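All remarks here apply to the structure that follows.
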Amino acid sequence: DVSNDLPSREVLFDFHGVPMIHSFSANWEKIQNFQARPDDILIATYPKAGTTWVSYILDLLYFGKTSPERQTSIPLYERVPFLEITISSTDSGVDLAERLTTSPRLIKTHLPVQLVPKSFWEQNCKMIYVARNAKDNMVSYFHMDRMTLFHPDPGDWSSYFKRFLEGNILFGSWYDHVNSWWKKKQTHDKIHYMFYEDMIEVKLIYHILFLEKLCCFLGLSSSLEERKQITGGVQFDNMKKNNMVNYSTLQVMDFKVSQFMRKGKVGDWKNHFTVAQNEEFDENYKQKMKNSTLQFRYEV
Ligand code: A3P
């Protein structure tokens, strides 16, 4: 038990061309050889794009009715294991995933598409990818790195901003991540590509439509009533106070520094970017995304 023994900040190193830390690569052999099952569902995101939100939605869709007790007794990070994580004080993501007795297994990853274990492709598993506009994603990631005690030290905002543009942060370049998953989606029909901004659209009707699309991809039927109930349960304020989904039970995060459920908004970047940073970002973005058909919204 290392609960009184706070983890120290790790350093980034190059791992198959991606900036990585020990806690997400130490178990690589087992991760690479992970045996996916055909009905496994992989939830893939660049960190801070809405992983927890969509994980919770999927968990409710599959198990909300059949095992309501799991909602109040098992933290979401155990129901939806994080494939590549190995922190000594807890079980590895692979161990947790292998121990799941429910099906389908919902599995979370932040790996770029080229590093996803091959059995997920061989088994033709469904994959849900969530992308979030780079400006808000950067802000959210900055605060996550500040509060997550084993993540590399983010430094101050202006140096973080530079490193984000260079792709020199944990899990690498946002630009490469969203684009390579997007490219993969064009030739692989088992990837459902979603946007944080669409999920946040305030009008209830959009939430329900968005759930309808998701259910259609998953081959699930759900009643309007059920969908309404789910959209209520996954509202930001409800998730923020739900200890089974807000990560408050994890020791590796310092909630005095920042919250996991921090703001849950589109456009918080405006409170962080200076005018000069915004110009530099936009210029750089045009270059990096010039061959991409991906479109993001920076406000809704
Ligand atoms: P902020 O830091 O901008 O608030 P991930 O789960 O991929 O780590 O992403 C975390 C981000 O998603 C955080 O963004 C968090 O607040 C936001 N989020 C989580 N649940 C949400 C919800 N129900 N509605 C809106 N945003 C949510």
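Sequence positions, counted from 1, serve as the residue numbers for this chain. Here the structure is a predicted model, which is why all the values come from computation and not from measurement.
- Here the side chain of S92 pairs no donor or acceptor atom with the backbone of T86 at under 3.5 angstrom.
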_Test log, rule side chain to side chain contact (heavy atoms under 4.5 Å, CB included), inputs E299 and K270_ = CA-CA 10 Å; E299 44 203 301; K270 291 175 190 163; 3.2 Å; yes
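- Atom NZ of K183 sits in a sparse spot, with 12 or fewer heavy atoms from other residues, nucleotides or ligands closer than 6.0 Å.
- In the displayed structure, Q295 atom CD is contacted under 6.0 Å by at most 12 heavy atoms of other residues, nucleotides or ligands.
- Residues R146 and D254 are not paired through a salt bridge, judged by the lack of any N-O separation under 4.0 Å between the basic side chain and the carboxylate.
- Because its NZ or CZ atom is both nearer than 6.0 Å to the ring centre of F260 and within 45° of the ring axis, K48 counts as a cation-pi partner of that residue.
- Ring orientation note: the planes of Y141 and Y160 are nearly perpendicular, at an angle over 60° on the 30°/60° scale.
- The minimum heavy-atom distance linking H22 with F13 is given by the pair N-CE2, 3.5 Å.
- Between the N27 side chain and the K30 main chain, no donor and acceptor come within less than 3.5 Å of each other.
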Atom pairs and distances, side-chain donor-acceptor, residues 164-175, under 3.5 Å, sequence neighbours left out:
residue, atom, partner, partner atom, Å
S173, OG, Y175, N, 3.1
S173, OG, D176, N, 2.9
W174, NE1, R132, O, 3.1
W174, NE1, N137, OD1, 3.4

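- In this structure, S55 contributes its side chain and T51 its backbone to a donor-acceptor pair below 3.5 Å.
- Side-chain contact between M138 and F161: present, with at least one pair of heavy atoms (C-beta onward) separated by less than 4.5 Å.
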*Determine, stepwise, if the pair D136 / V266 fulfils side chain to side chain contact (heavy atoms under 4.5 Å, CB included).*
CA-CA 7 Å; D136 284 324; V266 181; 3.7 Å; yes
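- Rounding to the nearest 0.5 Å places NE2 of H272 at 10.5 Å from CD of Q277.
- Checked by atom type and distance alone, the side chain of N246 pairs as donor or acceptor with a backbone atom of K240 at under 3.5 Å.
- You'll find the side chain of F82 stays beyond 4.5 Å of the side chain of I107, heavy atoms only.
- The CZ atom of F273 lies 4.5 Å from the CH2 atom of W157; values are rounded to the nearest 0.5 Å.
- F142 is connected to V257 through a chain of hydrophobic side-chain contacts under 4.5 Å among Ile, Leu, Val, Met, Phe, Trp and Tyr, so both are in one cluster.
- The shortest distance between side-chain heavy atoms of I200 and F210 does not fall below 4.5 Å.
- In this structure the side chain of E10 reaches within 4.5 angstrom of the side chain of S23, judged on heavy atoms.
- Between S222 and C215 the shortest heavy-atom distance is OG-SG, 3.5 Å.
- Residues I128 and I191 share a single hydrophobic cluster, defined by chaining ILVMFWY side chains whose heavy atoms lie under 4.5 Å apart.
- How far CD of Q251 is from CZ of F150: 13.0 Å, rounded to the nearest 0.5 Å.
- Between F24 and F15, the ring centre distance reaches or exceeds 6.0 Å.
- E84 and T109 share a side-chain donor-acceptor pair at under 3.5 Å.
- A distance of 8.0 Å separates OG1 in T293 from CG in N179, rounded to the nearest 0.5 Å.
- A donor-acceptor pair is defined here as one N or O able to donate and one able to accept, closer than 3.5 Å; no such pair exists between the side chain of E197 and the backbone of F296.
- Side-chain N or O atoms of R79 include none that pairs as donor or acceptor with a backbone N or O of Y56 at under 3.5 Å.
- Without hydrogens or angle criteria, H143 side chain to S258 main chain gives no donor-acceptor distance under 3.5 Å.
- V94 and L100 fall into different hydrophobic clusters, where Ile, Leu, Val, Met, Phe, Trp and Tyr residues are linked whenever their side-chain heavy atoms come under 4.5 Å apart, directly or through other members.
- The closest side-chain heavy-atom distance from P104 to Y62 is below 4.5 Å.
- Judged by distance alone, the side chain of N238 and the main-chain N or O of G232 form a donor-acceptor pair under 3.5 Å.
- Side-chain contact of Y77 with T249: a donor-acceptor pair under 3.5 Å is present, judged by distance alone.
- The only option from F236, Y298, W53 that meets the ring pair (Phe, Tyr, Trp, His ring centres under 6.0 Å) definition with Y196 turns out to be W53.
- Note that the CG atom of D153 and the CG atom of D145 stand 9.0 Å from one another [nearest 0.5 Å].
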*Please test R105 against E98 for salt bridge (Lys or Arg N to Asp or Glu O under 4.0 Å), starting from the C-alpha separation and ending with a verdict.*
CA-CA 9 Å; R105 299 187 299 187; E98 284 173 347; over 6 Å; no
*asked:* Assess the residue pair D91 and R99 against the criterion (side chain to side chain contact (heavy atoms under 4.5 Å, CB included)); give the C-alpha distance rounded to whole Å, side-chain angles, the decisive distance to 0.1 Å, and a yes or no.
replied: CA-CA 10 Å; D91 291 314; R99 232 179 288 142; 3.2 Å; yes
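- Between D237 and M261, every side-chain heavy-atom pair lies at or beyond the 4.5 Å cut-off.
- A heavy-atom distance below 4.5 Å is not found between the side chains of D14 and P19.
- Panel note: side chain H188, backbone W121; no donor-acceptor pair is recorded below 3.5 Å.
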Identify each donor-acceptor pair in which a side-chain atom of residues 280-287 lies under 3.5 Å from a protein atom, sequence neighbours left out, and give them as a table.
residue, atom, partner, partner atom, Å
D282, OD1, K135, NZ, 3.1
N284, OD1, K288, NZ, 2.7

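- R9 and T148 get closest at one heavy-atom pair: NH1-O, 3.2 Å.
- Put simply, the side chain of S119 never gets that close to the backbone of E122: no donor and acceptor are under 3.5 Å apart.
- Placement of V245 and I74 in two distinct hydrophobic clusters is found when ILVMFWY residues are connected by side-chain heavy-atom separations under 4.5 Å, directly or transitively.
- For the atom pair CG (D59) and OG1 (T52), the distance works out to 12.0 Å, reported to the nearest 0.5 Å.
- Between L12 and M20, every side-chain heavy-atom pair lies at or beyond the 4.5 Å cut-off.
- Between W181 and the options T45, V130, V116, L294, a side-chain contact (heavy atoms from CB on, under 4.5 Å) holds for only V116.
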*asked:* Could you go through D39 and Q123, starting from their C-alpha distance and side-chain angles, then the distance that decides it, and tell me whether this counts as side-chain hydrogen bond (donor to acceptor under 3.5 Å, both in side chains)?
replied: CA-CA 8 Å; D39 65 343; Q123 299 293 335; over 6 Å; no
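- Other residues, nucleotides and ligands place no more than 12 heavy atoms under 6.0 Å from the CD atom of E225.
- Under the 30°/60° scheme for interplanar angles, the aromatic rings of W182 and Y193 are found to stand perpendicular.
- Note: the hydrophobic cluster containing W28 does not contain L96 (ILVMFWY, side chain heavy atoms under 4.5 Å, direct or indirect links).
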*asked:* I'd like to know whether H192 forms a side chain to side chain contact (heavy atoms under 4.5 Å, CB included) with M127, so could you lay out the CA-CA distance, the side-chain angles of the two residues, the decisive distance to 0.1 Å, and finally the verdict.
replied: CA-CA 6 Å; H192 186 64; M127 303 182 185; over 6 Å; no
